[in-house]
Amino acid sequence: MTAHQRNLSASIDPVKLDRLAEVAIKVGLQLQPGQDLLLTAPAAAMPLVRRVVEHAYKAGAGLVTPFFSDEELTLARYRYANDASFDRAAGWLYEGMAKAFGANTARLAIVGDNPMLLSGEDPTKVARASKANSIAYQPALEKIVNFDTNWNIIAYPSTSWAKQVFPDDAEDVAVAKLADAIFAASRVDQDGAVAAWDKHNARLRERTEWLNGQRFHALKYSGPGMDLTIGLADGHEWEGGASTAKNGIVCNANIPTEEVFTTPHCRRVSGHVVSSKPLSYQGTLIDNISVKFEEGRIVEAKASRGEEVLKKVLDTDEGARRLGEVALVPHSSPISKSGLLFFNTLFDENAASHIALGQCYSKCFINGDKLTPQRIAEQGGNKSLIHIDWMIGSAHTDIDGIHADGRSVPVFRKGEWA
């Protein structure tokens with residue numbers, strides 16, 4: 001580590017960083033004695049990685065195996081690799097990951113790369129590389145979206161990311177500000193972080209239990225630029241906060257999280273909606289997304305910025321134009337109150353109610369762990385290489401739950417739980 005890097009690391013509160021690592025292991029994963037852990041992270045996140053590994057072994061981890069990425073290495077590919085490189089991905093690596101997850105290895109991802117890293121690169125190459133990687137990643141991704149094992153995502157305030165969020169500040173100030181924002185959103189800015197997560201999970205559980213008791217047939221959204229009806233999958237189940245993986249371990253997949261979510265019926269979505277916040281996707285900021293759904297499929301799509309990239313995403317496969325997730329987040333969530341655009345879905349999706357294009361979660365079905373892929377599809381679950389969340393909620397959003405007999409129940413009024 002250079003002197004410059006040490007100075008930047010000094011901008012990050014070491015006590016809160018350690019709390020985040022502890023929460024990732026004890027709350028995010030609830031790592032079990034003897035359980036292995038596979039960890040991915042940017043090289044810049046090494047200070048957090050070291051603390052995570054320490055807490056993992058203190059919790060009795062069997063073996064922790066880290067994999068690192070680096071922004072300069074990523075850029076080198078786009079600048080010097082031959083053209084054929086962009087249609088390839090390390091399938092052998094993902095097959096190995098899938099084998100590990102199938103053998104009860106836990107999964108932790110630390111995010112923190114510059115969200116606009118590829119903004120200056122050839123968008124066609126970016127799209128090709130992304131598609132190749134998505135295809136190769138399927139064996140491992142299926143284990144994650146099906147909750148075969150306990151998994152968790154947390155974030156580290158890298159310098160390049162911090163400068164995107166706080167472009168007018170000096171590097172050390174930007175890093176300190178982003179670190180504080182991450183710690184606050186992740187509920188590790190105070191003592192007793194594990195207990196705070198227990199209380200937060202209990203509140204989210206109350207919401208999911210109420211929604212599951214209602215058994216709504218659809219959700220009706222109304223507000224500025226929004227007249228949207230989202231049918232819910234047959235036998236859908238709402239999830240939020242802590243969730244039990246197929247291996248029996250209760251985990252919090254995302255830290256932070258403010259959402260409750262379920263599976264929409266991919267063939268029963270109609271109407272139109274506009275995004276309430278920009279979507280940062282692989283180095284492109286896609287703003288003012290406007291789409292029209294017919295029979296579950298996006299038939300019109302526009303954006304004031306990044307429209308070309310949006311349309312490439314929608315053409316990934318048949319399922320890319322259909323929904324795989326619908327999530328409810330109150331406008332008063334801590335991340336919304338921060339007023340920040342993080343350029344990172346882990347945070348930005350928790351600032352507003354949102355929908356996701358692409359792959360559904362089999363977990364969000366009653367007895368989802370026993371359903372075959374064919375049965376999930378019959379009940380309305382979507383299949384795709386992608387899963388991309390984008391925000392549609394605001395302080396002006398009203399949402400009603402619609403029962404099968406047409407009865408309507410207020411769920412959200414002006415962006416808050418009714």
Side-chain angles (χ1 to χ4, degrees), residues 28 30 141-153 200-221 228-254 257-269 296 319 322-330 349-350 353-384 387 389 393 399-405 407-412 417-418:
Q30 287 209 33
L141 180 63
E142 286 178 1
K143 300 291 186 183
I144 296 301
V145 298
N146 293 331
F147 264 85
D148 283 27
T149 192
N150 43 325
W151 59 276
N152 174 240
I153 306 174
H200 183 50
N201 279 326
R203 286 192 293 270
L204 292 173
R205 187 163 56 250
E206 288 177 4
R207 300 297 188 191
T208 61
E209 289 175 353
W210 180 78
L211 287 162
N212 284 326
Q214 291 290 326
R215 308 281 358 135
F216 290 128
H217 182 70
L219 296 178
K220 170 73 173 175
Y221 291 70
L228 182 69
T229 299
I230 298 178
L232 300 179
D234 301 334
H236 70 275
E237 188 161 58
W238 288 88
E239 297 281 346
S243 186
T244 304
K246 287 183 183 177
N247 60 5
I249 300 172
V250 178
C251 63
N252 270 79
N254 292 346
T257 184
E258 303 290 335
E259 65 175 343
V260 296
F261 60 98
T262 194
T263 298
H265 197 296
C266 68
R267 296 179 293 280
R268 294 204 308 250
V269 183
R322 300 180 186 272
L323 296 185
E325 179 190 345
V326 55
L328 304 179
V329 179
E349 73 169 5
N350 287 298
S353 291
H354 54 273
I355 51 181
L357 303 172
Q359 180 66 39
C360 75
Y361 291 117
S362 63
K363 176 69 177 172
C364 292
F365 285 91
I366 297 171
N367 298 321
D369 58 336
K370 298 179 177 64
L371 299 179
T372 64
Q374 180 181 355
R375 184 61 183 161
I376 288 172
E378 290 171 355
Q379 292 183 206
N382 194 32
K383 183 173 178 60
S384 175
H387 181 93
D389 301 89
I399 305 173
D400 290 289
I402 310 299
H403 286 283
D405 61 6
R407 284 182 299 119
S408 177
V409 177
V411 177
F412 266 50
W417 289 98

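The first residue in the sequence is number 1, and the count goes up from there. Just so it is clear, the structure is predicted and the values come from calculations on it, not from any experiment. Values below: every heavy atom of this structure, side chains too, minus hydrogens, waters and symmetry copies.
- Here the OG-NZ distance, from Ser408 to Lys220, works out to 10.0 Å after rounding to the nearest 0.5 Å.
- Residue His200 holds its NE2 atom at 6.5 Å from CZ of Arg203, rounded to the nearest 0.5 Å.
- Under a 3.5 Å cut-off, the side chain of Thr262 and the backbone N or O of Glu237 do form a donor-acceptor pair.
- Side chains of Gln214 and Val409 form a contact here, defined as non-hydrogen atoms less than 4.5 Å apart.
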Inset, instruction - Start with the C-alpha distance between Leu211 and Val260, add both sets of side-chain angles, then the distance that settles side-chain contact (heavy atoms from CB on, under 4.5 Å), and finish with yes or no. - result: CA-CA 9 Å; Leu211 287 162; Val260 296; 3.9 Å; yes
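- Note: Ile376 CD1 to Cys266 SG = 11.5 Å, rounded to the nearest 0.5 Å.
- Taking each heavy atom of Asn201 and Gly241 in turn, the nearest pair found is OD1-CA, 3.3 Å.
- Judged purely by atom type and a 3.5 angstrom limit, Arg267 has no side-chain atom pairing as donor or acceptor with the backbone of Gly296.
- Among Asp400, Val411, Thr229, Leu228, the one residue that satisfies the side-chain contact (heavy atoms from CB on, under 4.5 Å) test with Tyr221 is Leu228.
- By the 4.5 Å heavy-atom criterion applied to side chains, Glu259 and Glu239 are not counted as neighbours.
- Within the 3.5 Å criterion, the main-chain N or O of His236 finds a donor-acceptor partner in the side chain of Arg215.
- Between Arg268 and Asp234, at least one side-chain nitrogen of the basic residue sits less than 4.0 Å from a carboxylate oxygen of the acidic one, meeting the salt-bridge criterion.
- When all heavy atoms are compared, the tightest approach of Phe147 to Lys363 is CD1-CB, 3.8 Å.
- The shortest distance between side-chain heavy atoms of Thr244 and Ile249 does not fall below 4.5 Å.
- A salt bridge links Arg375 to Glu378: at least one charged side-chain nitrogen sits closer than 4.0 Å to a carboxylate oxygen.
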Legend entry - Worked check of salt bridge (Lys or Arg N to Asp or Glu O under 4.0 Å) between Lys246 and Asp369: CA-CA 7 Å; Lys246 287 183 183 177; Asp369 58 336; over 6 Å; no
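- Here the CD atom belonging to Glu209 is positioned 8.0 Å from the CG atom belonging to Asn212, to the nearest 0.5 angstrom.
- No donor-acceptor pair closer than 3.5 Å links the side chain of Asn252 to the backbone N or O of Asn254.
- The ring of Trp238 has its center no closer than 6.0 angstrom to the ring center of Phe261.
- Taking each heavy atom of Glu258 and Asn350 in turn, the nearest pair found is N-OD1, 2.7 Å.
- The two residues Gly324 and Pro264 make their nearest non-hydrogen contact at C-CD, 3.5 Å.
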Inset, instruction - Could you walk me through whether Ile355 and Asp389 pass the side-chain contact (heavy atoms from CB on, under 4.5 Å) test, one step at a time? - result: CA-CA 6 Å; Ile355 51 181; Asp389 301 89; over 6 Å; no
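- Aromatic ring pairs are classed by plane angle as parallel below 30°, tilted from 30° to 60° and perpendicular above 60°; the pair His387 and Tyr361 is tilted.
- In this structure, the ring of Phe216 has its center less than 6.0 angstrom from the ring center of His403.
- You'll find the side chain of Ile230 reaches within 4.5 Å of the side chain of Leu323, heavy atoms only.
- Taking every heavy atom of both residues into account, Cys251 and Gly28 meet most closely at CB-O, 3.0 Å.
- Side chain of His354 to backbone of Glu349: a donor-acceptor contact under 3.5 angstrom is found.
- Under the rule for a ring-ring contact (aromatic ring centres under 6.0 Å, His included), His217 has no partner lying at least two apart in sequence or in another chain.
- In terms of heavy atoms, Gln30 sits closest to Asn150 at O-ND2, 4.3 Å.
- Under a 3.5 Å cut-off, the side chain of Asn382 and the backbone N or O of Cys360 do not form any donor-acceptor pair.
- A donor-acceptor pair is defined here as one N or O able to donate and one able to accept, closer than 3.5 Å; such a pair exists between the side chain of Trp151 and the backbone of Ile144.
- For Arg207, there are no salt bridge (Lys or Arg N to Asp or Glu O under 4.0 Å) partners two or more places apart in sequence or in a different chain.
- In this view, Asn146 and Ser362 satisfy the side-chain hydrogen bond (donor to acceptor under 3.5 Å, both in side chains) rule, not counting sequence neighbours.
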